[in-house]
Novice: 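Next up is a structure, given as structure tokens.
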Protein chains: 2
Amino acid sequence: MDLTEHIAAIPLFEGLPDPQIEELTDIVVDQTFKRGQSIFSDGDPATGFYVVVNGKVKIYKSSPDGKEQILHIFGAGEAFGEVPMFAGGHFPANADTLEQTRLFFFPRAGFVDLIKQEPMLAMNMLGALSRRLRMLAALVDNLSLKEVPGRLAAYILHVSEADDSPDVVELAISKGQLASLLGTIPETLSRILAKMSSQGIMTVDGKKVSIIDRRKLAELAESGKLPT
Amino acid sequence: MDLTEHIAAIPLFEGLPDPQIEELTDIVVDQTFKRGQSIFSDGDPATGFYVVVNGKVKIYKSSPDGKEQILHIFGAGEAFGEVPMFAGGHFPANADTLEQTRLFFFPRAGFVDLIKQEPMLAMNMLGALSRRLRMLAALVDNLSLKEVPGRLAAYILHVSEADDSPDVVELAISKGQLASLLGTIPETLSRILAKMSSQGIMTVDGKKVSIIDRRKLAELAESGKLPT
DNA sequence: GAGGAGTCTTGATTTAAGTCAAGGACACCG
DNA sequence: CGGTGTCCTTGACTTAAATCAAGACTCCTC
């Protein structure tokens, strides 16, 4: 598969006419990062945005004393780092790879012109940002209105929905990373997983989570509380 | 001031040629809400979006047991409820007025076509959504990585920046609403305001907050802790 | 297959902030 | 005025989750 095909397959560029795809092919920078590398940091000036070809990238905020809150994890086909192109000029969060990752970098210069010429591209971009907003609103909801068991339940159900064998969910990330995504720490996550298992809501084996009582899980996700 | 002038003055429509402004004038619905009314609820199907002409609107998530987390408060000239036009079709949060509020409602039908025809409008919209994302990312950061005193400090500094007499900040909202915006409850906010006053960081008189020790405030906002 | 790093679990303890409850300040209205 | 409602404050108590600390497991590499 050559570069042009790869680019044409990116959802953000869906519906773009061939000449524009070619134009993108000309300006793209193909980059590969090792696991655990930083792509950019909160506050860095932005000169373009990225699309994940393969691998995984976490977008996160961090506090001076080293705690991290993951905002999003992006996989193949997803774009990130677009915000500074339209507002502010610097990245609003950090980005690190979670595994070896190949990225396409699109320099800002020229890309904005392309958006102005291609309504389809603008619409795709608006869709992407809107979905991101929706997702962040859900994260705030979880962090602020639910306790950790509720957040975990919501997460499992969410992953389960996007799955074909919905009762056995494979966690795509480590439990430590999951804890950070849920706004907690590994110890707490571990305890809650243990408690939920012992209450017959699900079983956990490594990264494999099997849902036993989906109703109770849904109840929990709706801000219900886990009986002590 | 007639309708067309009002519409031309909305930041989102900046740079739009007159014929398009006229088009918007034709489709706009002028609405007035009393204080405390619901504009839409989380999950409602969306048929368009809104712009605040005057007044204040809070966008918030709420839990079954009645707790609320405010995501944003919009004032004159700001747009809200655009997300469902580009993703999902239903509103991702609730919207209520905080005082008597006049709104322009723009039906989805036709508006999307206008965006496709007017790159300037698309760019403005991308800018608006990007700023919103930035703001939500900051909220997550605050909720997850800072304690309540840190969030309050960050809020005060934020308001102070957007002000001309930066050392005396007038809170635009009630303390109860501020608590909800900071992800806490009025009792906690009250206690922390009292503690910060007693420590000589600032003085509080009703809605008027006077910053005394800006350095300490900035330190606190950076996830520092309030000495007990 | 032994050593080691990273990851996860479990236990004891602390702490920030939420809950429950009551009282005070203030404004608006008859 | 006195009354009623909203908003805010203060106090005593509870609780979810963080912290601190130690040990177990897994997966590499040598």
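What's counted below: heavy atoms across the whole structure, side chains too, no hydrogens, waters or symmetry copies. By convention in this document, chain letters (A, B, ...) are assigned in the order of the sequence lines, proteins followed by strands, and residues within each chain are numbered from 1.
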Novice: Expressed in angstrom and rounded to an integer, what is the separation of A/L152 atom CG from C/dC8 atom C1'?
Specialist: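 These atoms are roughly 15 Å apart.
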Novice: Ring-plane angle category for B/F91 and B/F40, please: parallel below 30°, perpendicular beyond 60°, tilted otherwise.
Specialist: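 B/F91 and B/F40: parallel rings.
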Novice: Please state whether the phosphate of C/dG18, meaning OP1 or OP2, lies under 4.0 angstrom from any side-chain nitrogen or oxygen of B/K67.
Specialist: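 So the side chain of B/K67 is outside the cut-off, no N or O lying under 4.0 Å from OP1 or OP2 of C/dG18.
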Novice: Taking NZ from B/K207 and P from C/dA25, how many angstroms apart are they, rounded to a whole number?
Specialist: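 One finds 18 Å between P of C/dA25 and NZ of B/K207, rounded.
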Novice: To the nearest angstrom, how far is B/E187 atom CD from C/dC20 atom P?
Specialist: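 About 10 Å, once rounded to whole Å.
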Novice: In this structure, how many angstroms lie between the C1' atom of D/dA17 and the CD1 atom of A/I192, rounded?
Specialist: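 In whole Å, D/dA17 C1' and A/I192 CD1 are 8 Å from each other.
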Novice: Before you tell me yes or no, could you show the steps for A/F111 and A/F49 under ring pair (Phe, Tyr, Trp, His ring centres under 6.0 Å), namely the whole-Å CA-CA distance, both residues' side-chain angles and the distance that decides it to 0.1 Å?
Specialist: CA-CA 10 Å; A/F111 192 84; A/F49 76 101; 4.7 Å; yes
Novice: Can you measure B/K208 atom NZ to C/dC26 atom C1' for me and round it to whole angstrom units?
Specialist: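 Going from NZ in B/K208 over to C1' in C/dC26 covers 17 Å.
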Novice: Indicate, with a heavy-atom threshold strictly under 4.0 Å, whether A/R151 touches base, sugar-phosphate, or nothing.
Specialist: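 Counting heavy atoms under 4.0 Å across all strands, no contact is made by A/R151.
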Novice: Is a donor-acceptor contact shorter than 3.5 angstrom present between the side chain of A/R191 and the base of D/dT19?
Specialist: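 Yes, the side chain and the base share a sub-3.5 Å donor-acceptor pair.
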Novice: Please work out whether the ring planes of A/F106 and A/F104 are parallel, tilted or perpendicular, with thresholds of 30° and 60°.
Specialist: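 The arrangement is perpendicular - the two ring planes meet at more than 60°.
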Novice: Can you tell me the distance, in whole Å, between the CD1 atom of A/I185 and the P atom of C/dT14?
Specialist: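 Rounded to the whole Å, the gap is 16 Å.
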Novice: For B/S190 and for A/T188, find the nucleotide of DNA chain D with the closest heavy atom, then tell me which residue's nucleotide is more 5'.
Specialist: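 The answer here is B/S190.
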